[in-house]
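Protein chains get the first letters and strands the later ones, always in sequence-line order, with residue 1 at the start of each. Any value given below was found using the heavy atoms of this structure, including those in side chains, with hydrogens, waters and symmetry copies removed.
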There are 2 protein chains.
Amino acid sequence: MNKEKPTIIKLEDIAKALRVSISTVSRSLSNSSRVKEATRKKVREKADELGYIPNQIAKSLISGKTGVIGVIIPRYDEAFFIEVCRGIDHYARKHNYRILISSSRNSSRFEKENIMVFEKGIVDGLIISLTHQTKSQTHLQSMANRGTPLVVFDNMNEKIEGAMHVRIDDYSAAYEAVQFLAQKKSVQTVGFIGGTILKSIFNKRYEGYKDSLLSSDFSLKEEFVFNCKSMHQVHEYHEIYNFLSKLNQFPNAFFCSTDSYALLCIKALSKLGKRVPEDIQVVGFGNLHYSRLFNTELTSVSQPSFKMGEKAAELLLSKIIKGAYLPSEKIDELILPTKLIIRNTTC
Amino acid sequence: MNKEKPTIIKLEDIAKALRVSISTVSRSLSNSSRVKEATRKKVREKADELGYIPNQIAKSLISGKTGVIGVIIPRYDEAFFIEVCRGIDHYARKHNYRILISSSRNSSRFEKENIMVFEKGIVDGLIISLTHQTKSQTHLQSMANRGTPLVVFDNMNEKIEGAMHVRIDDYSAAYEAVQFLAQKKSVQTVGFIGGTILKSIFNKRYEGYKDSLLSSDFSLKEEFVFNCKSMHQVHEYHEIYNFLSKLNQFPNAFFCSTDSYALLCIKALSKLGKRVPEDIQVVGFGNLHYSRLFNTELTSVSQPSFKMGEKAAELLLSKIIKGAYLPSEKIDELILPTKLIIRNTTC
DNA sequence: CTGTTAGCGCTTTCAA
DNA sequence: TTGAAAGCGCTAACAG
C-alpha cells in the first residue's frame with residue numbers, strides 16, 4: 001500500500017544522512033552566510049529529498065514570535081467584520097503573517113476567553129472589535145501594559161493605554177447623512193432605526209442623527225426612533241416590522257444605523273405597501289457589498305471596512321516588528337474617512 | 001506611571017519565589033496528583049499573584065499538539081464559507097480548539113502556500129474547500145499520507161486517500177430543484193445561470209439541471225445557459241445582465257447555481273422589465289441568510305452550511321484525538337441532506 | 001567554514 | 001511528596 005511512514009523529518013535526520021552537524025544543516029537551510037556553497041546545496045537537496053518541513057513551533061519558542069496575529073470580532077455573520085478581516089488578511093499575508101480569527105459572539109465572557117487563549121503566546125498581537133457587553137476592559141488594559149501589540153477597531157468604550165484605535169467618525173457620518181435627507185424639500189421628518197444603544201458606535205450614530213435633526217429645526221419625534229433588541233436577523237425583521245406597522249403616520253425618510261437594518265426596513269415598508277424611495281426614503285450605514293444584490297440599490301454611508309482592516313494590520317505589524325505603532329508616539333487613534341454613497345433608495 | 005514591567009512570568013519565577021523546584025510548580029499547576037495539597041495551593045496562589053500565563057508554544061513543542069485547527073476557504077466574502085466556518089468554530093470551541101482561517105482567494109498558488117504554512121506544525125489538522133483552480137492535489141495527498149488529519153468539504157476534485165470528505169449531493173439537489181420547476185404547468189423551459197464549470201460542484205449542479213430537463217422531455221437550449229466567468233460581484237452582475245438583455249425570448253424560469261447568482265439574476269430581470277415570479281421564476285442554491293434581507297424572499301436549495309462545518313470539525317477532532325475520523329474505517333465521505341425551500345420567487 | 005554547547009519554557013522520567 | 005535532569009526541534013553564541 002501507499003503507507004509512507006508518517007515519520008517527521010527533522011534537522012537531525014538530514015545531519016545524520018550527510019554526516020554533518022545539525023548547525024550546519026540549520027545554517028544551510030536558513031541561507032546563512034557562513035556555509036560553503038557546496039555544503040549548502042547538498043543540504044538543501046537532501047532536505048528536499050527527505051521532504052523536510054521545519055517545525056514552526058520550535059522556531060517560535062526560540063524567537064518568541066509566531067507569525068500569527070489574533071483577530072476577535074463580535075460575530076462572523078456580519079459583512080462588515082468579514083470585510084475588515086479581509087483587509088487584515090490582505091496586509092498580513094504580504095508580510096508573511098497569518099490571522100487567527102475568533103468570534104466573541106457578542107458575549108463578553110467569550111471575548112475574555114478568547115483573549116486569554118491568545119495571551120498564552122500563540123499570537124504576536126491582537127486586533128479586536130469589542131462587544132457592546134464589554135464593561136470592564138481591564139483584561140485588555142493589562143495585556144497592553146504587558147507590552148502586547150493591540151489594535152482596537154470599530155466599537156470601543158474607553159481608550160486603552162498603549163493600544164491603537166482605528167475607527168471612523170460615526171457621529172459626523174450620521175450627522176451628514178441625515179443632513180442630506182433633511183435638506184430635501186420633500187423631507188420634513190426623519191426616523192431612525194438602530195441596534196442596541198449599549199454599543200457605542202450605535203449610540204454615536206444616534207447622537208449624530210439627533211443633532212442633525214435639531215440643527216435643521218426638525219423636531220426629534222420619539223415615535224420615529226426604534227432600536228432593535230435582538231441580535232438575530234429573523235427576529236430583527238419582526239421587530240422592525242412590528243414597529244413600523246404600529247405607526248399612525250410615517251416619517252419621510254429613515255436613517256438606519258446599518259445596511260442590514262436598512263434592508264430589513266425596506267422589506268417591511270414594502271410589506272406595508274410603502275414604496276421606496278417614492279413614499280419613504282431610506283439610508284443605510286456601512287455600504288456593504290450585499291446591498292448591491294438588491295433591486296433598488298441602497299443609499300448608504302460608505303465605511304472603508306477593508307481599509308480599516310489593512311490599517312489595523314499595518315499598525316499592529318509595525319508595533320510587532322518595529323516596536324511602535326507609528327513614528328509619533330503621541331497619536332493613539334486613526335480616524336478613517338466616510339462618504340455618503342447615493343443610490344436608489346433616496347431621491 | 002502605570003508602567004508594569006513587561007516581564008513575562010515563567011515557572012522558574014514562581015519556583016524561585018517559593019524555593020521549590022520547577023517540576024513541583026509544573027505539577028501543581030497541572031493539578032497533578034503527586035503534590036502535597038498545601039504546596040499545590042501555595043503555588044497556585046503565587047502564580048495568580050504574579051500573573052502567570054503558561055506558554056502555549058512551549059507546551060505544544062512537547063505535546064506535539066497546538067489546539068488549533070486550520071481552515072482554508074476560497075474566499076471570505078461568500079456567505080456559505082462563513083457559515084461553514086461558524087459551524088467549525090462552534091464545534092471546535094466546545095472542545096477547546098481554535099480555528100486559524102485562511103483564504104486561498106480562489107488561487108491554487110495561495111492555496112498551496114497556505115497549506116505549506118499549516119504543515120509547519122502550527123495546526124493539528126486541516127479543513128479545506130478546494131478552489132476550482134486546484135488541479136494537482138499531491139500536496140494534500142502527501143499531507144494525508146503523513147498522517148495529518150484532513151477534512152475536505154464542499155468542492156473537491158479527486159478523492160484523497162486518508163482524508164475525509166463532507167459534502168452534499170449537488171447533482172441530485174439540482175435535479176430535484178429543476179424537477180420542481182419543470183412540473184409546473186406554466187413552465188416549458190428552464191434556463192441556467194452558474195459559475196465556472198471548472199468548479200466541480202458547479203459542474204454537478206449543471207449536470208443535475210441538464211438531466212432533469214431531459215428526463216422531463218424538455219429540451220436543453222444552449223441559449224438559456226450561462227456561466228459567469230468573473231469572480232467579482234459587480235462584474236458578475238454585468239455579465240448576467242448582458243446575457244439576459246441579448247435574449248430574444250425568455251425561459252419561464254431560471255435555476256441558478258448559487259443564491260448570489262439568483263439575486264443578481266432577479267435584479268437584472270427587473271431592470272429588463274420582467275417580474276419575478278409572475279413572468280419568470282427563479283430558484284437559487286444555498287439558502288443563505290442574506291437572501292432573507294430582500295423584498296421577495298428567494299426560493300432556494302437549502303444546504304446545511306453550519307452543520308457542514310460542525311460535521312467537518314467533529315470528524316477532524318475525532319481523528320486528532322481518537323486517531324480515526326469514524327468508528328468504521330471504510331467510510332470516507334459524509335453526504336449531508338439538502339432541501340428545497342419554497343419562498344416567493346416561484347409560484 | 002563547521003562543530004559543540006547552551007538554551008527557548010515546559011513536561012516527564014528517574015531518583016531520592 | 002519533591003528535585004534533578006533530559007529533551008521537544010530549533011537557533012545562536014562560542015570555539016575551533
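Exactly one of B:R86, B:H90, B:K94 qualifies for a side chain to side chain donor-acceptor pair (under 3.5 Å) with B:E310. That residue is B:H90.
When each of B:S23 and B:L61 is assigned the nucleotide of DNA chain C with its nearest heavy atom, B:L61 is the one assigned upstream, toward the 5' end.
Going from atom CG of B:L29 over to atom P of C:dG9 covers 16 Å, rounded to whole Å. Atom NZ in B:K16 sits about 16 Å away from atom C1' in D:dG3, given to the nearest Å. The separation between A:K65 atom NZ and C:dC8 atom P is 16 Å, rounded to whole Å. Atom pair B:K120:NZ and D:dC10:C1' shows a separation of 13 Å (rounding to whole Å applied). In this structure, CD1 of B:I22 is placed 17 Å from P of D:dG7, rounded to the nearest angstrom. Between the CZ atom of B:R27 and the P atom of C:dA15 there is a distance of 15 Å, rounded to whole Å. A straight line from CG of B:N31 to C1' of C:dT11 spans 15 Å, rounded to a whole angstrom. One interatomic measurement links the two molecules: CD of B:E12 to C1' of C:dC8, which rounds to 12 Å at whole-angstrom precision.
Picking from C:dC10, C:dT2, D:dT11 the nucleotide with the shortest atom distance to the side chain of B:N55 gives C:dC10. Among C:dC10, C:dT12, D:dC10, the nucleotide with an atom closest to any side-chain atom of A:L11 is D:dC10. With distances taken from any side-chain atom of B:K59 to the nucleotides D:dG3, D:dC14, C:dT11, the minimum falls on C:dT11. Listed nucleotides D:dG3, C:dG3, D:dC10 differ in distance to B:V20; the shortest reach to its side chain belongs to D:dG3. When distances are taken from the side chain of A:I62 to each of D:dC14, C:dC8, C:dG9, the shortest belongs to C:dC8.
Taking 4.0 angstrom as the limit, A:K36 places none of its side-chain polar atoms (N or O) nearer than this to OP1 or OP2 of C:dC1. Using a 4.0 Å cut-off, some side-chain N or O of B:Y52 falls inside it from OP1 or OP2 of C:dC10. For A:T24 and C:dT2, the shortest distance from a side-chain N or O to OP1 or OP2 is not below 4.0 Å.
Judged by distance alone, the side chain of B:S318 and the main-chain N or O of B:Y325 form a donor-acceptor pair under 3.5 Å.
Between B:N155 and B:S200, the side chains place a donor N or O and an acceptor N or O closer than 3.5 Å (distance only, hydrogens not considered).
Side-chain atoms of A:T39 and base atoms of C:dT2 include no donor and acceptor less than 3.5 Å apart. No donor-acceptor contact under 3.5 Å links the side chain of A:S26 to the base of D:dA12.
Listed by chain and residue number, B:T66, B:Y97 satisfy the side chain to side chain donor-acceptor pair (under 3.5 Å) test with B:D124 (two or more places apart in sequence, or in another chain).
Ring geometry for B:F153 versus B:F80: interplanar angle of 30 to 60°, hence tilted.
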